[in-house]
Every structure is written in C-alpha cells, then in structure tokens.
There are 2 protein chains.
Amino acid sequence: MPNILVVDDQEVVRYGTTLILQKSIDDAQVSEAGSFEDTLKILSTKKFDLVILDIDMPGGNNHQMLDVIRLRHPDIRILIFSSYDEQIFGWRYLEAGADGFLSKKTGIEEIKNAAKTLLRDEKYLSPTLKQTLLNNFTNKKTATNPIQRLSSRENNIMQLLIKGSSVAEIADKLSLQISTVSTYKKRIFEKLQVSNVIEMIEKVQLYS
Amino acid sequence: MPNILVVDDQEVVRYGTTLILQKSIDDAQVSEAGSFEDTLKILSTKKFDLVILDIDMPGGNNHQMLDVIRLRHPDIRILIFSSYDEQIFGWRYLEAGADGFLSKKTGIEEIKNAAKTLLRDEKYLSPTLKQTLLNNFTNKKTATNPIQRLSSRENNIMQLLIKGSSVAEIADKLSLQISTVSTYKKRIFEKLQVSNVIEMIEKVQLYS
DNA sequence: GTAATATGTAGTAGTTTTACTACAAGAATA
DNA sequence: TATTCTTGTAGTAAAACTACTACATATTAC
C-alpha cells in the first residue's frame, strides 16, 4: 500500500494526477498538498513512499524545497514534475537529489510509468533524458542542448539575467568589469540563439 | 447531452478537467484537444456547446485563437482557462468575445460552476471578477489593479515589450519617436512599480 | 465649469548596453 | 605535441535606452 503525496498548486493537476495514480497503482494511498507549507505538514503525519513535486509553485524556492524534503525525509522518493524543460533542468534536479524528473508536457502513460518505477526503488529517467545521456557519452557535442553548452560562469550570469539584474548590477555583484559581463551576455545570447532576455527566458522555460 | 471540448496542451490537465466535467454534468460528452490545430479539426466534426480553452498553449496566439473559433463557430460558448491572472486579463478576454474566464488556480468546484453556468447560456464571472466589477462601479480608483491603470496605448506598448521588442522596434512599428516609446515605457514601469521588463512580465503573469 | 490629472507625443542630455576587438590560460583534438 | 576551440577577462566606440522636461488635448473631480 504505497503512500504517495501529490504536490501542485493547481487543484486540477492534483486531481488528475491523483486519479491516474489511483487507477494504475494498486492500493495507492494518494494525498495532496497545494503549498510547500502543507507539504511539510502532511509529510510529517505519516510515512510516504513517494512525493510528486511540482517545482513551478510560487513561493517554492525550487532546489530549496527539494533540499528541505530530502533533509527531513531521507528515504522518500522524489519525482520532480515540472513545466520546465527536462533536457535543460532534468539532470540538474537529479544531481540535486531528486529521483526522477518528469515534464508536465508528458502524457499520462509516462506519469504512471515514472511513479511505478520510483516505487520499485529505481531511478526514473524519461526516454528523452536517457537519450540525452547516451548522446553525452557518444558524441558529446552534437545532440546536446544549448543551455548545457554554457560554461559555468555563463550559466551563473544567465541566472542573474533571468532575475532581471542589469549588466551593471551583475558586474558589481561579481566584481567584474561591465564590459566583461557584457561579453558573457553576448556569448550566452549567441549560444542560445536569442536576442534579448525575454527570448532567453523563453528558451530556458517551457510554457506548458 | 452537452458536447464539451477541453483544450489544453497538458494531458494531465485535460484528464482532470474531463473527469470533473463528466462527473458533474449529466451526459456530458467530453472531447479533448492538445493543440490549436486539433481544436479546429475537432470543432468541425460535430456541434459543440462549450469549449474550455487554455490560452497558455505554445503556438496559440491567445486572442487570435479566440477570434478564429468565434468566427467559425459563432454559437459556441468559450470558457478561457488560463494561468494568467483573472483580475488582469479576465475582462479583456470577455471583451474579446469569451463567455467566461477561469483562472487555473481556482478549485474544482469553480470549474464545475463555470461550465454549468455557460451551458445554461449565461456568462460566467468568477467571484473575484464580480467583485472587481463592483469596485469599478463604486470607488473606481481604490481597489483596481495596476495593470488596469494603463492607458490603451500603454497597454499596447506593454504587449510589445512582453514580446521582447526593443524600444526602437516599437517606435518603428507604431511610427512614433523613440523618445515617445521610451516615455511610455517609463510610465508603464512607474504604474506597475517595476524596474525592468522581467519584473513587468512577472507582474502580469501568474506563476501558477 | 474650472482646476487638477491623465494621456499622447517629443527633444535633449546623460547612462547603459552592445559590438567588435583582444588576449592569455585552459581544454580538446588531430 | 602542436593546433584549434573555449573560457575568463577587458577596452573602446557606437548604439540603445532612460531621465527629465515640455506641451497640447482629454478626462476626471470638486
């Protein structure tokens, strides 16, 4: 009788996910939480086997949520369920301690699949992620996605740009010359093939 | 036997919505579409009473989708189901020909409610929207949200900024001086109390 | 029905950002 | 290993953007 917690701030999504799980996993006991506070509260009431965690929630500091849950409940399986692109963010979350990453654009079958896999205590990788991994082994360059092309400094600066920081602010924060940050920005734009921050953000997010 | 079409690019959301409708509306015949192309295709196969339309779909040019459906199927009821803030976008869509606007953050009850209302051939306004309307009648200034404070020109320019257009591009497109567009931009930022496009977009969207 | 405020528009001067160039150190590759 | 590509860093000139000011016409408020 697996205990599963579905965390999402949209009730429709919770509803749909819950039903999918109940229908496909025998005796599944599914609980729901609509906020991070609720999540922690519910997690402390009984032992859960799996949390399906929407990381797009407002006020949910993404990684931090993951960390907190991991810290308090080391044995729980965590499946990130996100509208961010799996190729871009998937393995970051896996590195950060998640046991699986599922894009919200995936179909119902894949959700079932992922949940079952995690309940069997295996890690879950979507077909796409598996493919990406493979590609990374074989022809490193070719099939990898543009965001992974960014160097860590570039990535760093991209994050700040996404927050809305100006070139000058970033230069200040990182103690670099404005021209340096500007160069990074240009390189980021080149690599992602965008021409302004908005396109950059769009490239990084999925508008599912 | 009402025919309902649920349009959303996320299968979970369609699944949840479909089940909610089937359980709460007698004999409801619910179909699903995951893209705008599919939507049009399915709409042409039989007569539908209600379309529940997710306007966050990629490739769905928001208003344009609404217009196209309205044009081809003048009698159909359209319920916009969006993760954009209803206070900000709700009445715009209503003006544009939608029969109801529902935020994705609303609960299941409200979805049932909205669908039933529209099937009775009434317009649907969420409680929040009703309240906003009331406020607009009574103390116009006070309770209204900042985006509604924008003049139509400002709003116009905001839309272009959201698309990622530069000040110069906008000036060109609208045959205005760059300085003029710049002034609009500054006024928009002031009214919304933001200091860059990213914050502006965040102000306008709900990160549901 | 006048005073106050909002809106559409623009100029000028000053800031910020970009484009282009450059170069050294590190990584990858042939 | 020599050669090419990548990354971290910056300068300079040009382009884009902002701040401040201005002003006429609407709109709103008292």
Side-chain angles (χ1 to χ4, degrees), chain A residues 135-201 203, chain B residues 88 92 133-201 203:
Chain A
N135 281 341
N136 278 351
F137 265 113
T138 51
N139 56 338
K140 262 194 138 96
K141 297 275 128 151
T142 326
T144 331
N145 88 58
I147 279 96
Q148 287 173 22
R149 279 272 89 67
L150 298 183
S151 73
S152 66
R153 206 86 227 253
E154 286 164 352
N155 195 69
N156 195 212
I157 279 156
M158 182 184 72
Q159 301 299 338
L160 294 169
L161 288 170
I162 288 177
K163 278 195 203 156
S165 312
S166 71
V167 170
E169 283 165 1
I170 296 174
D172 194 47
K173 181 162 199 168
L174 304 180
S175 306
L176 292 172
Q177 286 312 111
I178 287 179
S179 53
T180 307
V181 176
S182 180
T183 305
Y184 283 130
K185 188 174 180 181
K186 201 192 55 160
R187 286 185 185 161
I188 293 167
F189 280 16
E190 273 168 15
K191 288 189 181 176
L192 304 189
Q193 297 185 73
V194 299
S195 54
N196 56 249
V197 244
I198 295 174
E199 286 176 15
M200 182 184 73
I201 291 175
K203 199 98 193 183
Chain B
I88 294 170
R92 295 229 166 114
L133 262 194
L134 265 183
N135 281 341
N136 278 349
F137 265 114
T138 51
N139 56 337
K140 263 194 138 99
K141 295 277 130 150
T142 326
T144 329
N145 88 58
I147 280 96
Q148 286 174 24
R149 281 272 86 70
L150 298 183
S151 73
S152 66
R153 207 83 226 252
E154 285 163 352
N155 193 69
N156 196 211
I157 280 157
M158 182 184 71
Q159 301 298 339
L160 295 169
L161 288 171
I162 287 177
K163 277 194 202 157
S165 311
S166 71
V167 170
E169 282 165 2
I170 296 174
D172 194 48
K173 181 163 198 167
L174 303 181
S175 306
L176 291 173
Q177 287 313 112
I178 286 179
S179 53
T180 307
V181 176
S182 181
T183 305
Y184 283 130
K185 187 173 179 182
K186 199 192 55 159
R187 286 184 185 162
I188 293 167
F189 280 16
E190 273 167 15
K191 288 191 183 176
L192 304 189
Q193 298 184 73
V194 297
S195 54
N196 56 249
V197 243
I198 294 174
E199 287 177 13
M200 181 184 75
I201 291 175
K203 200 96 192 186

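So you know, we letter chains A, B, ... as the sequences are listed, proteins then strands, and number each from 1.
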| task | Would you kindly give the CE-to-P distance between B:Met200 and D:dC17, to the nearest whole Å? | result | 13 Å
| request: Specify the separation, in whole Å, of atom CD1 of A:Ile198 and atom P of C:dT17. | output: 15 Å
| request: Grab the CD-P distance between B:Gln177 and D:dC17 for me, whole Å please. | output: 14 Å
| field | A:Ile178 CD1 - D:dG11 P separation (whole Å) | value | 11 Å
| query | Among A:Ile178, A:Thr180, A:Asp172, which residue meets the side chain to side chain contact (heavy atoms under 4.5 Å, CB included) test with A:Leu176? | reply | A:Thr180
| said: With hydrogens left out and only the distance checked, is there a donor-acceptor pair under 3.5 Å joining A:Arg187's side chain and the base of D:dT9? | reply: yes
| Pairwise side-chain contact, A:Met200 with A:Ile162, heavy-atom cut-off 4.5 Å (strictly under) | yes
| Within less than 4.0 Å of OP1 or OP2 of C:dT16, is there a side-chain N or O belonging to A:Ser182? | no
| task | Would you check if B:Leu160 and B:Leu174 make a side-chain contact, meaning some heavy-atom pair closer than 4.5 Å? | result | yes
| query | Counting any heavy atom closer than 4.0 Å, what does B:Thr183 reach on the DNA or RNA strands: base, sugar-phosphate only, or nothing? | reply | base
| request: Could you tell me whether the phosphate oxygens of D:dT9, OP1 or OP2, come under 4.0 Å of any side-chain nitrogen or oxygen in A:Tyr184? | output: yes
| query | Counting just side-chain N and O atoms, does A:Thr180 come under 4.0 Å of either OP1 or OP2 of D:dA10? | reply | yes
| query | D:dA19 P sits how many Å from B:Lys185 NZ, rounded? | reply | 10 Å
| query | When B:Glu154 is tested against each of B:Lys185, B:Arg187, B:Lys191, B:Gln159 for side-chain hydrogen bond (donor to acceptor under 3.5 Å, both in side chains), which residue passes? | reply | B:Lys191
| request: Round to a whole Å and report the spacing from NZ of B:Lys186 to C1' of C:dT16. | output: 17 Å
| query | Measuring from A:Ile201:CD1 to A:Leu161:CG, what's the distance to the nearest 0.5 Å? | reply | 8.5 Å
| message | Looking at D:dC5, I'd like to know if its phosphate oxygens (OP1 or OP2) sit under 4.0 Å from a side-chain N or O belonging to A:Lys191. | response | no
| query | Given atom CD1 of B:Ile157 and atom C1' of D:dC17, what is their separation to the nearest angstrom? | reply | 14 Å
| request: Answer with base, sugar-phosphate or nothing: what part of the nucleic acid does A:Leu176 contact at a heavy-atom distance below 4.0 Å? | output: sugar-phosphate
| query | Rounded to the nearest Å, what distance is computed from the CD atom of residue B:Glu190 to the C1' atom of nucleotide C:dT5? | reply | 14 Å
